[in-house]
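Everything below concerns the one structure shown next.
FYI, side chains are in, hydrogens and waters are out, and symmetry mates aren't considered; it's all heavy atoms of this structure. Order of appearance sets the numbers: ligands from 1, and atoms from 1 within every ligand. In this text, all values refer to a predicted model and were calculated from it rather than measured experimentally.
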Amino acid sequence: MKKYGSYINGEWKLEGETFKDFSPVTQSVFAEVVDANASDASAAIEAAHDAFAHWSNLAPETRKDYLLKVADAVESLAAEVEDIIIDEVGSWIGKAKFEIKSCVHFFRTAAALTEQVKGYELPSEQGKKSIVVREPLGVVSVITPWNVPLNLSSRTTSGILAVGNTVVLKPSEESPISGGWILAKAFEKAGVPKGVFNVLTCSKKNVSEVGEVLVTHPKVKAISFTGSTNVGKSIASKAGALLKKVSVELGGKDAMIILEDADLQKAVTGATFASFFHAGQICMGLKRIYVDEKIAAEFIQRFVQKTKTLGIGDVRKFNCPIGPLINETQVIKIENQVKDALGKGATLMTGGVRNGLYYHPTILKEVTPEMEVYAEESFGPVVCIYTFKNVEEAIDAVNESELGLSGAVITEDTEKGFSIARQMESGMCHVNDGTIYGEALAPFGGVKNSGTGRYGGLASVDSFTQTQWITIDQGGRKYPPPFVE
Ligand code: NAD
């Protein structure tokens, strides 16, 4: 079995204690991974700190060339990477291909960001030359989850590196290879100077000690966290106490509103993809559908029918998009949420069946606030349908949630759709599409308990640089007379 490990200061660490990385597809050990500890975390941070001066002072076009080479390297590893993403986290083949494509695209788009770090000149009250410059922050710790591991690790790190920071990336213990090793391999292949990009592969057992160093080490200037709301809040509060810049991208309970005039083909397709892509294990996954009661019966009938056609099982087949959930704990959580809802009076429209780590796409109706599934994040293939008489009711119900990542509105009246999108408390909202959508240049992020981070294009420049105001006196400074020599 292949052994993997951390990548620190341009060296692979393949000695020391290991942990087992399980595949939900083969349900056996997928890889043996060397477990990073607190001293590895410190070493990676020191390496990133030492590399910072050189990396941040490179001409933008040199950093750009390196990032383009990283993109090329990922592309050249595509066949191997596809298999890893499928086996390590149970991705459907279409999702694995998408992750590789989006990773390459993130690095190519970020390459152009190297030239977008701009300052400006201000008029001065006292005739000074008054200039605002923008500079990178320094070492950024990046912590990412397992569900879309390559995509999420590249979405964050590409922009952070483009603007001149250096990185220590800690992927999830469920995806150390897809979320870390692949990128480290690409950085090595691209010849990026040592220390600029470091990866720590660590187990669940070591994550608190490694995490503590990644957040509190004095040489870490900012933290980028993507993951659950609970862990994100605890990291943000620690970082806040130390006055470090922190960007957190957290959970979702995303909603779609379907108006009476909706094109039902758009509604059904958008809802099916957003509810069941990667078996619902997507932060922007659709969990709540609010449909006008006048068209509810037809929408529900078509949505249920389409859902029943989704193939479950062999994720290497294109017509089998529903793979396993990541682990036993996650399946039990979903199973219990559905049992709880059914026990309290919800109606099962389809699904509700478990087969090992596979959970069938599930649609529930008549869900009420006392059921766990009503407000808790599900992170699995379960969606609840509600009906409404007037759209204001639906908007209020959407906004009742403590989470607000993405949203969707389906209507042929796009002006109305835009106005409803503006009223939905979510960091992103798509008219005539599902909730799962992103573009490399668009600001990705949520509101409320879905986080405070923004990534993508100029949003990454804002989030991972800081301004410095510099003035040059030109003889116009007026001091109080008693101080003047
Ligand atoms: P998680 O919070 O359990 O883990 C996320 C990362 O944090 C992992 O790398 C994990 O090892 C690390 N971690 C855990 N405890 C830590 C600690 N004490 N110190 C430092 N790091 C620690 O989340 P998960 O189960 O991996 O991912 C699923 C969650 O992520 C869901 O809630 C989902 O909505 C969310 N998510 C959000 C986005 C987004 O962009 N908003 C994207 C994907 C997933």
Side-chain angles (χ1 to χ4, degrees), residues 19 21 33 35-36 38 41 88-89 95 99 102 141-156 168-180 199-217 220 223-239 246-254 277-287 325-327 329-330 333-334 376-380 401-406 426-428 435-438 442-456 459 463:
F19 69 98
D21 180 11
V33 185
D35 205 356
E88 194 181 34
V89 294
K95 183 216 176 223
E99 285 213 50
S102 66
S141 291
V142 180
I143 300 172
T144 54
W146 54 266
N147 61 328
V148 202
L150 180 62
N151 169 286
L152 295 171
S153 290
S154 18
R155 173 184 83 181
T156 45
V168 178
L169 167 69
K170 194 211 78 61
S172 166
E173 57 281 0
E174 299 279 7
S175 58
I177 325 297
S178 322
V199 172
L200 295 169
T201 53
C202 93
S203 66
K204 207 172 180 61
K205 173 170 83 65
N206 282 5
V207 76
S208 10
E209 68 170 80
V210 168
E212 183 71 17
V213 179
L214 287 178
V215 176
T216 60
H217 194 294
V220 168
I223 297 103
S224 152
F225 175 86
T226 310
S228 62
T229 296
N230 282 348
V231 178
K233 276 186 172 175
S234 110
I235 285 180
S237 59
K238 251 185 226 164
V246 65
S247 178
V248 287
E249 293 283 2
L250 310 174
K253 186 81 179 171
D254 292 351
F277 180 59
H278 198 32
Q281 303 170 107
I282 299 284
C283 54
M284 297 173 278
L286 179 60
K287 303 298 175 201
L325 300 196
I326 188 70
N327 55 35
T329 315
Q330 201 50 33
K333 195 172 170 207
I334 294 299
E376 272 181 21
E377 187 181 29
S378 305
F379 224 57
S401 174
E402 288 178 352
L403 299 163
L405 190 57
S406 182
S426 62
M428 305 168 283
T435 47
I436 302 182
Y437 189 65
F444 186 102
V447 296
K448 305 199 280 190
N449 278 351
S450 289
T452 59
R454 290 293 180 272
Y455 296 91
S463 300

- request: Give the residue and atom name of whichever protein heavy atom lies nearest to atom 27 (O) of ligand 1, and the separation in Å to one decimal.
  value: P145 CB, 3.3 Å
message: If I apply the N/O under 3.5 Å rule, does E173 come out as touching ligand 1?
response: yes
Shortest reach to atom 15 (N) of ligand 1 by a heavy atom, considering only L403, D254, V231: V231
- request: Using a strict 4.0 Å cut-off to heavy atoms of F225, name the atoms of ligand 1 that fall inside it.
  value: 2 (O), 5 (C), 6 (C), 7 (O)
Heavy-atom side-chain contact between E173 and N206 under 4.5 Å: no
message: With a 6.0 Å cut-off (strictly less than), is the heavy-atom count around NZ of K233, excluding the residue itself, greater than 12?
response: no
- request: May I ask you to list the atoms of ligand 1 that are less than 4.0 angstrom from any heavy atom of N147?
  value: 43 (C), 44 (C)
- prompt: Going by the order shown, which atoms of ligand 1 are within less than 4.0 Å of some heavy atom of I235?
  reply: 19 (N), 20 (C), 21 (N)
statement: Among non-hydrogen protein atoms, atom 22 (C) of ligand 1 lies closest to V207 CG2, 3.6 Å
Distance-only donor-acceptor check, side chains T226 and Y455, under 3.5 Å: no
field: For atom 31 (C) of ligand 1, closest protein heavy-atom neighbour
entry: E377 OE1, 3.6 Å
Min side-chain heavy-atom separation F444-M284 under 4.5 Å: yes
Per-atom contacts of ligand 1 with P171, taking only distances under 4.0 Å to non-hydrogen atoms: 9 (O)
message: Can you confirm whether K253 sits close enough to K287 that some side-chain heavy atom of one is under 4.5 Å from a side-chain heavy atom of the other?
response: yes
query: Which heavy atom of the protein is the closest neighbour of atom 12 (C) of ligand 1, given with residue, atom name and distance?
result: I143 CG2, 3.6 Å
task: Return yes when at least one protein heavy atom is under 4.0 Å from atom 9 (O) of ligand 1, and no when none is.
output: yes
query: Is there side-chain contact between S378 and I334, with heavy atoms separated by less than 4.5 Å?
result: yes
statement: Quick note on ligand 1: atoms under 4.0 Å from a heavy atom of L405 include exactly 41 (N)
- request: Write down the atom of G251, the atom of S450, and the distance for their closest heavy-atom approach.
  value: O-OG, 2.6 Å
task: Give a yes or no answer on whether the side chain of S153 reaches the backbone of L150 with a donor-acceptor pair at less than 3.5 Å.
output: no
message: Among all the protein's non-hydrogen atoms, which is closest to atom 40 (O) of ligand 1, and how far away is it?
response: R155 NH2, 3.0 Å
message: Looking at ligand 1, is there an atom of it that comes within less than 4.0 Å of some heavy atom belonging to K238?
response: no
query: Taking N or O atoms only and a 3.5 Å limit, does K170 qualify as a polar contact for ligand 1?
result: yes
task: Enumerate the atoms of ligand 1 whose separation from the nearest heavy atom of T144 is less than 4.0 angstrom.
output: 6 (C), 8 (C), 9 (O)
- prompt: Do K205 and F19 come close enough that some side-chain heavy atom pair is under 4.5 Å?
  reply: no
message: Among all the protein's non-hydrogen atoms, which is closest to atom 41 (N) of ligand 1, and how far away is it?
response: L250 O, 2.7 Å
statement: To atom 18 (N) of ligand 1, the nearest of S208, S234, S378, P176 on a heavy-atom basis is S208
query: Just which atoms of ligand 1 are under 4.0 Å from any heavy atom in G211?
result: 19 (N), 20 (C)
task: To the nearest 0.5 angstrom, please state how far the OG1 atom of T156 sits from the CG atom of N151.
output: 9.0 Å
task: For the residue pair F379 and N147, establish whether any side-chain heavy-atom pair is separated by less than 4.5 Å.
output: yes
query: Quick one: which of P149, C283, S141, S175 has a heavy atom closest to atom 36 (N) of ligand 1?
result: C283
Top protein contact for atom 28 (C) of ligand 1, by heavy-atom distance: F379 CE2, 3.6 Å
message: Any nitrogen or oxygen of T226 lying under 3.5 Å from a nitrogen or oxygen in ligand 1? Just yes or no.
response: no
message: Less than 4.5 Å apart, side chain to side chain, heavy atoms only: is that true for V168 and V220?
response: no
message: With side-chain contact (heavy atoms from CB on, under 4.5 Å) as the criterion, how do M428 and L405 come out once you've worked through the C-alpha distance, each side chain's angles and the decisive distance to 0.1 Å?
response: CA-CA 6 Å; M428 305 168 283; L405 190 57; 3.9 Å; yes
Inter-residue atom distance I235.CD1 - S237.OG, 0.5 Å rounding: 9.0 Å
message: On a heavy-atom basis, I'd like to know which of G427, G227, G251 is closest to atom 35 (C) of ligand 1.
response: G227
- prompt: In ligand 1, which numbered atoms sit nearer than 4.0 Å to a non-hydrogen atom of E249?
  reply: 37 (C), 39 (C), 40 (O), 41 (N)
- request: Return yes or no for this condition: an N or O of W146 is under 3.5 Å from an N or O of ligand 1.
  value: yes
- line: Taken to the nearest 0.5 Å, the spacing of S401 OG from N449 CG works out to 8.5 Å
- prompt: Strictly under 4.0 Å, does any heavy atom of G451 approach an atom of ligand 1?
  reply: no
query: Taking N or O atoms only and a 3.5 Å limit, does S228 qualify as a polar contact for ligand 1?
result: yes
- request: Determine whether the side chain, the backbone, both or neither of L152 has a heavy atom under 4.0 Å from any heavy atom of ligand 1.
  value: side chain
task: Side-chain contact test, heavy atoms from C-beta onward, threshold under 4.5 Å: evaluate it for T229 versus E377 and give yes or no.
output: no
